[in-house]
Each structure stands twice: as structure tokens, then as C-alpha cells.
There are 2 protein chains.
Amino acid sequence: MSIPIYLQIKEKMIDTIRELPANAPIPSERDLAIQYDASRMTVRKSINALVDEGYLYRDSNKGTFVADKVLHKKNTTLEKKDDNRKISYKTIYFDVKASSSEEVQERLNIGPEDSVVRMIRLMLSDDRPQAIEEIYINRLNLSDEEFRNLPKWQDFNAFISKGGLTQRFVPTLVPMQYAHMLELKIHEPIIMVENIVNQKSGKPLIYMKVFNNPKEKVIEITS
Amino acid sequence: MSIPIYLQIKEKMIDTIRELPANAPIPSERDLAIQYDASRMTVRKSINALVDEGYLYRDSNKGTFVADKVLHKKNTTLEKKDDNRKISYKTIYFDVKASSSEEVQERLNIGPEDSVVRMIRLMLSDDRPQAIEEIYINRLNLSDEEFRNLPKWQDFNAFISKGGLTQRFVPTLVPMQYAHMLELKIHEPIIMVENIVNQKSGKPLIYMKVFNNPKEKVIEITS
DNA sequence: TAGTGGTCTAGACCACGAC
DNA sequence: TCGTGGTCTAGACCACTAG
């Protein structure tokens, strides 16, 4: 098995934790080390991961306890929690252009002659409109393979986990051209989230403006 | 010195990192262990903390590198980054009442007879209005000491770090009674952030509604 | 006093990337 | 082949809490 021991233990512990009520104590690190036949440091690494994710919390010199579910961490609006709704996308635009707006050039830190992939799509959950996404990507940052598969992408977690994500929340009125698709009246206040996905080097990779339907999608983060 | 070695090393490394350009490599973990006269695992703990905070990034089998400043993590709208603006608060209301609205009772998970501390204040930066904060706290969760010092509180980080924070972003039009204080026209779209600070047990501790002035305060998170 | 989490050590082996 | 980060071990000492 090539999966690290501490990740295997972590998964087993999640199964155990699910059966326990909030604030119940888990066995001590030394006991768990015996139970899982691993060193205490390895077990500790598993526990630390679960504490970071909000499954457990520690009380120094007392023990480690099961956290309430409301404390499970969700740090960006792009992560999806374990809701069972099926998300689908309907592509409205997909093109590659050399001329992009100054706004896009600035966010992607590119010049006016660089090719930019533009994709505009409607996000649906059970056929109800959740949000409009305007996505801009520097063509040069995509392999041909990635470019071909762009329309099939559901999310950008693969890129975010390799670098970073900055989200800016902008209050605005729903744009006229999107009001109908989101089934909103004009002049309705909404939140537009500007997402910039960065590479590890800090260079911008993806710029995405998300116009959220407040009737359907609650923007929430937990930390 | 009672400060753990890995935290001391972390601080020293931050000083070193500040002098380096983005994407510059730092010495290998084995070299740093010699340099700081500590074990590799201890140095590694320092580095991991810096990676989590976005100061460094790792490239497996290659090395560890200085991250771009845009990647420094800021996971909630309540954290303040190292901007040098002086924040001040002007208290508008401060009282304790047994009768609270159903909304407050629900968020704090309390009954209609429980005493609730209510504080409404204006957040200023260089005399410019940033936001209105409506703060509600179950009186029973505060010691007399904490209650007395409430008006002096700047932030709630001491409580958040002990438990968790959930933030919900609600698009709305600026409430009439706050428009003037925020120097906004009526019918201006703004973001109201609902903050719920939880204890480790999961019980709600603080409920805070923040009406942000979009002209002054950009809501941004990095992760 | 016994048990807990928090820290720390000095080794070890592995997979992978660059040369 | 060599150096890197990633993992893992089997100990150890500490400060603190609860009985």
C-alpha cells in the first residue's frame, strides 16, 4: 500500500468519529498508537489533520474530543460541502480571443495581445440557477490537453491546491443580461465574487467572476 | 526560554524570508537543522507552519521556496493584515436586555428570557466609516471581568482561536438608519456579514452582523 | 500521583527529480 | 548518483490537570 500510514489512520478515525456524539473524548494518543500499531508521532499527525479540518479539538492536558459538525472547516466559497445536490453547468460562451478587456488583462497580469480563453456558464443545482460564472484563462498557461477538456471542468481545485486562491466579495446589483437567467428581478442586490487562482510562483492563472443567486446559494465559510 | 524551539526558528526564518525575493530557494531541511542546531523534525515543523501561512511553498523532491506575498493566507474577513491603518470604534449602543429578537435567539441558541448583551458600534479607519457592527452575546457566557471590558474590545480573536467562526455573506441594500453613518446613499448595495463565533463545544458564543461600507472596505480572503 | 497533550531527538527508509 | 522533501520510529522530558 502506498498510501501513508497517517492518512490510513486518519480515514479509520473519521469512521470512528462519525459514530460518536459531539464532545465525546477519543482515546489518548498513546492508546491509539497501540491500537493502530504505529508510533505516537504518526498517530499524532493523523489527529492534527483532523483537528485542522474541524473534526476534533484538543484540550491541553485533558484530552482530544469530537467537535460539533458546525465547526467543520470550509475556507472558500468554491469548496463544496457534503450536500448531495447534483451540480451541473450549462456553457453559454466559449471562445479564445486576443483582445481582452483591461480589467482581465490587469487581473491576469498579461498584455493586450495575449490570447485569453473566455468561458461563461450557468451553474445549476437540480435545474435551479445558482450562479453565472465568467472565467478567463491565459491560453499560454494551458496545455492542449487541458484546453480541450476545459468545457468539461467542474471546478478548479486541482489548480487551487497547487497554488493559492484570492476571493474578493463585491456587492452589486444583478447585471441586466444575467437577471433573467438567474430568475431574478432587475435591481436585485447580489454578491459578485472575484476569484483569482494563483500558481505557486504567485503568477495569476485563472480569473473568475461569479454572480451568485442569493435566493439559491448562501455564501458561507467556516474557520 | 519557554517559547518552543520550533516557534523561535519560525520567527528567525520569517526575518530571513523577508529579505529574499519571491521564488528564491531556502536551504534544505537538513542544512537548516544544522544551522539552527535542532533536529530536522523540529525545523520541519517550523517550515510547515510557514507553508500553511503562505510564506513558503514546497516542490516535492526539489526544495522549498519563498512564496509571493499575494499568497499569504487570510481566511476570514475579521483578520487584519499588516496594513498600517489605525482602526477605532465608536460605540452607538450598549445595553443588556432580557428580550431579544427571535433572530438573535435562534443564532445564539437561547431562550426568550436569557439576558443578551447588545453592542452597536461604528468602525473607523482614519476617521472614515468602515462598517457598522451589531454584536450580541449571551450574558451568561461572559465573566464579570469580560463584561466590564466589553466596550474596550477591538476584536474577538481570543474567542475565535479557542473555537470556530462561521461567516455568512448576505447581499442587501444599506439599512436606512445606517446609510448616513456610513456616508452612503440609500438603496446602495452592500454586503452584510453574519458572524457566529462558536466555542469548542459547538455552542454559539457571539453573534455579530457587520454592515460593510463597500466604498472603504474591500472584503477579501486568501487561502 | 498518574495520565494527557506538547515538544524534541537522532536516527532511518522511500520516491522522485536533476544531473 | 546524489540531494530533496515525505514519512516513520522508539524513545525522552516537560507542564499541566484531575483524582
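What you are looking at is a predicted structure, and each value in this text was computed from that prediction instead of being measured.
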Taking only side-chain nitrogens and oxygens of A/Ser60, does any of them come within less than 4.0 Å of OP1 or OP2 of D/dA15?
-> no

Under 4.0 angstrom between A/Thr64 side-chain N/O and C/dG5 OP1 or OP2 = yes

Earlier contact from the 5' end, DNA chain D, for B/Gly63 and A/Met41 = B/Gly63

Protein-nucleotide distance (B/Asn48, atom CG; D/dT4, atom C1'), rounded to Å | 14 Å

For D/dG3, does OP1 or OP2 lie under 4.0 Å from any side-chain N or O of B/Lys62?
-> no

Strand partner of D/dG19, provided both Watson-Crick or wobble distances fall under 3.5 Å | none

Parallel, tilted or perpendicular: which fits the ring planes of A/Tyr55 and A/His72, with parallel below 30° and perpendicular above 60°?
-> tilted

Output yes when at least one side-chain N/O atom of A/Lys45 is less than 4.0 Å from OP1 or OP2 of D/dC8, else no.
-> no

Check whether any side-chain nitrogen or oxygen of B/Ser39 sits under 4.0 Å from OP1 or OP2 of C/dA10, and answer yes or no.
-> no

Value in whole Å for how far the P atom of D/dA10 lies from CD1 of A/Ile5 = 10 Å

If each of B/Arg40 and A/Thr42 is mapped to the nucleotide of DNA chain D with the nearest heavy atom, which maps nearer the 5' terminus, i.e. the 5' end?
-> B/Arg40

Nearest-Å distance, CZ (B/Arg30) to C1' (D/dC2)?
-> 11 Å

To the nearest angstrom, the CZ-P distance between A/Arg58 and D/dA15 comes to 19 Å

Using only side-chain N and O atoms of A/Arg44, determine if any of them is under 4.0 Å from OP1 or OP2 of C/dG6.
-> yes

Check every atom of D/dT7, C/dG5, D/dT4 against the side chain of B/Asn61 and return the nucleotide holding the closest atom.
-> D/dT4

OP1 or OP2 of C/dG3 under 4.0 Å from side-chain N/O of A/Ser28 = no

Take atom NZ of A/Lys200 and atom P of D/dG5, then tell me their distance rounded to the nearest Å.
-> 12 Å

What is the distance, rounded to the nearest whole Å, between atom CG of A/Leu56 and atom C1' of C/dT4?
-> 15 Å

What pair of heavy atoms forms the shortest contact from A/Ala33 to A/Val43, and how long is it?
-> CA-CG2, 3.6 Å

Would you find more than 12 non-hydrogen atoms of other residues, nucleotides or ligands less than 6.0 Å from A/Asp95 atom CG?
-> yes

What is the distance from CD1 of B/Ile3 to P of C/dT7, rounded to the nearest Å?
-> 12 Å

How long is the line joining CD of A/Glu29 and P of D/dC14, in whole Å?
-> 19 Å

Please confirm whether B/Arg118 makes a cation-pi placement over B/Tyr93, using NZ or CZ under 6.0 Å from the six-membered ring centre and within 45° of the ring normal.
-> yes

N/O (side chain, A/Tyr6) to phosphate O (OP1/OP2, D/dC8) under 4.0 Å | no

Where B/Arg121 and B/Trp153 come nearest, the two heavy atoms and their spacing | NH1-O, 2.7 Å

